[in-house]
Amino acid sequence: MALKRVAADTSIDDLEAIVRQDGCVVIENLADDLVAKAKSGLDAWIDASPYGPGNFAGQHAKNVEGLVGKSGAAHALMIHETVLALCDRILLPNCVRYQLNYTGIMHLEPGNEAQELHRDGGIYPLRHPHPPTIMATMWAGSDFTAENGGTRLVPGSHLWEHERKARDDEVVSAVMPAGSLLVYIGGVIHGGGANTGNAKRTGIAIQYSLGWLRQEENLHLAVPPDLARTLPDRLARLVGYDFGGPFLGFVNGDDPHRLVEETALGERCHSRPELDAASKDLTLFQWGDIEPVPTPKS
Ligand SMILES: O=C(O)CCC(=O)C(=O)O
């Protein structure tokens, strides 16, 4: 299956349809200026970071996490309206709030070997396939090519049974110009490509997950309240200054958002009416291998 590449003005309905069917999509030149600004501010962090370690990160690869505190320019990417509209479609059926899951640079230099193929959703011990837990985005800070390590993906693998492995002819490379966006959900098999060329490949990876899951990056500790108070409110909520659902994530018995508000702590508050209402419409995760005890007839 090919990786679809669509224009920046593609409708949200069409994007959702592609992501549901293929698990991934490239949106070309979605935010050239924003990405260039974020990338130039992050170059110094890349230069100062060590390579690796190990095979997963790569001997000629650098990962720099904690981007909320490192790049004000990257905040605009974290709350980009197209991305959040797609999160609404992909994640909200299974949660009443989604959250940031990971923020990091994935930078591959010439000579770096291909990363092991994996599913990002594999951090949770769930048998595959299951509803999306994660929606990952990779902003192209440089051009992505098949030679410089453009992310390799297996479109459609988000619907495969758990044990199935990808054949070489099922793996495709994300080729996209700088400023473009690769979106893939957590069930898609993928990995960084080998950089066999001469150019560095820089991706800005920003991931979102269901609000009732533990975040991969510990954003609550990475973004203390003093920093959170300086963020756009939408971003502070995505970091975790919000409920993850009814009765999920209160602080001292109160709404976590109050930590970034000017007001003093209010009444005890473990949920909000809009969360309670939305939670009634959720599609429940289903365990296929446990036979429920039949309900007795009264
Ligand atoms: O660098 C890439 O293209 C993907 C990296 C990745 O999937 C990971 O580090 O988990």
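Whatever order the structure lists ligands and atoms in, that order sets their numbers, starting from 1. These numbers come from the heavy atoms of this one structure, side chains and all, not from hydrogens, waters or symmetry mates.
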| request: May I have the step-by-step check of side-chain hydrogen bond (donor to acceptor under 3.5 Å, both in side chains) for N94 and T283, ending in yes or no? | output: CA-CA 5 Å; N94 294 104; T283 307; 4.8 Å; no

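The OG atom of S279 lies 11.0 Å from the CG atom of L248; values are rounded to the nearest 0.5 Å.
Not a single heavy atom of R152 sits under 4.0 Å from any atom of ligand 1. Not a single heavy atom of N63 lies less than 4.0 angstrom from ligand 1.
In the candidate list H107, Q115, Q207, Q115 is nearest to atom 6 (C) of ligand 1, counting heavy atoms.
Near T151, the atoms of ligand 1 lying under 4.0 angstrom from a non-hydrogen atom of the residue are 2 (C), 3 (O). Those atoms of ligand 1 that come under 4.0 Å of a heavy atom in M138, given as number and element, are 1 (O), 2 (C), 3 (O), 4 (C). With ligand atoms numbered from 1 in the order given, ligand 1 contributes 10 (O) to contacts under 4.0 Å with heavy atoms of D120.
Y208 and Y98 have perpendicular rings, their planes meeting at more than 60° on a 0 to 90° scale where under 30° would count as parallel. In this structure, H270 and F250 have parallel ring planes: the angle between them is below the 30° cut-off, well short of the 60° mark.
A ring-centre distance under 6.0 Å is not found for W212 and F243. In this structure, H257 has its ring center no closer than 6.0 Å to that of Y241.
Protein heavy atom closest to atom 10 (O) of ligand 1, with residue, atom name and distance, is H118 NE2, 3.0 Å. Closest protein heavy atom to atom 7 (O) of ligand 1: H190 NE2, 2.8 Å. In this structure, the protein non-hydrogen atom closest to atom 4 (C) of ligand 1 is G192 N, 3.6 Å. From the protein, the heavy atom lying nearest to atom 1 (O) of ligand 1 is R201 NH2, 2.9 Å.
Between H190 and the choices H118, R119, Q115, the side chain to side chain donor-acceptor pair (under 3.5 Å) rule is met once, by H118.
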